[in-house]
Amino acid sequence: MAVIIGLTGGIASGKSTVSRLLQEMGYTIVDADVAARAVVEPGRPALAQIAEAFGQEMLLADGSLDRGRLGDLIFHNEEHRKKLNSIVHPAVRQFMLAEKDAAMAAGKQTVIMDIPLLYESELTWMVEKVIVVYTDETTQLDRLIARNSLSAEAAKARIASQLPLAEKAKRADAVINNNGTIEQTKEQLLRVIEEWQLTP
């Protein structure tokens, strides 16, 4: 029976780095961001529901989603955001569970569910244990500003929209401190893998 591990963190915490390290070690990653893109591709029911809820102008000429326009619409409107989430989240969960089942059917021993908003979306029921990738607030802010070319204000607003990393770390079964080098991060990851006896 496969072990299902949740991997989460915060924006610019380095979760993607840990996810990549796990993938390089041969682990199966079921990525919520990949799922979120897949479920709104042309021909998918969720895309039709978005166009119905927010108007055909949310689609580009080729029938794909106009992410920029949709982002602008929901960013400042809580009602719209909730409506969008009610369409996308169930579709994403369904997609991820199907991917997990396929990995298990293929004989994988460990499946990593990479879910940025694991706690915010109350999805801990999908996993058995949780790894949180942690970085302190200053490092997180500096990385986000540098990575996305944001102002300090915009970066702080994005960080504030998520549960604080310190809070996530308290709830985790294992915490990887990503303030240091990639080698230090990898060492911590290998310790968790060894302790939990995870095999791909």
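Start at 1 with the first residue, then count along the sequence.
Taking 4.5 Å as the limit, every side-chain heavy atom of I5 sits out of range of all side-chain heavy atoms of E128. Using a 4.5 Å heavy-atom cutoff, the side chains of I50 and V88 are in contact. You'll find the side chain of T110 stays beyond 4.5 Å of the side chain of W196, heavy atoms only. A 4.5 Å side-chain heavy-atom check between V30 and F95 finds every atom pair outside the cut-off. Between L7 and V18 there is a side-chain heavy-atom pair separated by less than 4.5 Å. The shortest distance between side-chain heavy atoms of R171 and V130 does not fall below 4.5 Å. Counting heavy atoms from C-beta on, the side chains of I176 and Y134 never come closer than 4.5 Å. Under the 4.5 Å side-chain criterion, counting only non-hydrogen atoms from C-beta, L190 is not in contact with E187.
Using a 4.0 Å cut-off between charged nitrogen and carboxylate oxygen, E195 and R191 do not count as a salt-bridge pair. Residues E78 and R81 are paired through a salt bridge, judged by an N-O separation under 4.0 Å between the basic side chain and the carboxylate.
In this model, a donor atom of one side chain and an acceptor atom of the other lie less than 3.5 Å apart for T185 and N178. Side-chain polar atoms of T139 and D142 form no donor-acceptor pair below 3.5 angstrom.
With rounding to the nearest 0.5 Å, the separation of CG in L84 from NE2 in H89 is 7.5 Å. Rounding to the nearest 0.5 angstrom, the gap separating the CG atom in L21 from the CE atom in M25 is 5.5 Å. Note that CD of Q184 is 3.5 Å distant from OG1 of T181, once rounded to the nearest 0.5 Å. Residue L65 holds its CG atom at 10.5 Å from CZ of F54, rounded to the nearest 0.5 Å. A distance of 6.0 Å separates CD1 in I131 from CG in L189, rounded to the nearest 0.5 Å. The OG atom of S16 sits 11.0 Å away from the CD atom of Q23 when rounded to the nearest 0.5 Å.
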Please determine whether salt bridge (charged side-chain N to carboxylate O under 4.0 Å, His left out) holds for the pair E167 and K170, giving the CA-CA distance in whole Å, both sets of side-chain angles, and the decisive distance to 0.1 Å. CA-CA 5 Å; E167 186 57 42; K170 276 185 210 159; 3.8 Å; yes
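More than 12 heavy atoms of other residues, nucleotides or ligands sit less than 6.0 Å from atom CZ of R143. More than 12 heavy-atom neighbours from other residues, nucleotides or ligands sit within 6.0 angstrom of CD on E24.
A continuous path of Ile, Leu, Val, Met, Phe, Trp and Tyr side chains, each step under 4.5 Å between heavy atoms, connects L118 with L163, placing both in one hydrophobic cluster. Cluster annotation: I112 is not connected to W125 through the hydrophobic network of ILVMFWY side chains, with a link wherever side-chain heavy atoms come within less than 4.5 Å. V133 and L198 end up in the same hydrophobic cluster when Ile, Leu, Val, Met, Phe, Trp and Tyr side chains are linked at under 4.5 Å. Put simply, L73 and I87 are part of the same group of oily side chains (I, L, V, M, F, W, Y) that touch within less than 4.5 Å, one to the next. M96 and I29 fall into different hydrophobic clusters, where Ile, Leu, Val, Met, Phe, Trp and Tyr are joined by side-chain heavy atoms under 4.5 Å apart, directly or via other members.
The minimum heavy-atom distance linking G10 with Q162 is given by the pair CA-OE1, 3.3 Å.
Side-chain atoms of S121 come within 3.5 Å of backbone N or O of L117 as a donor-acceptor pair.
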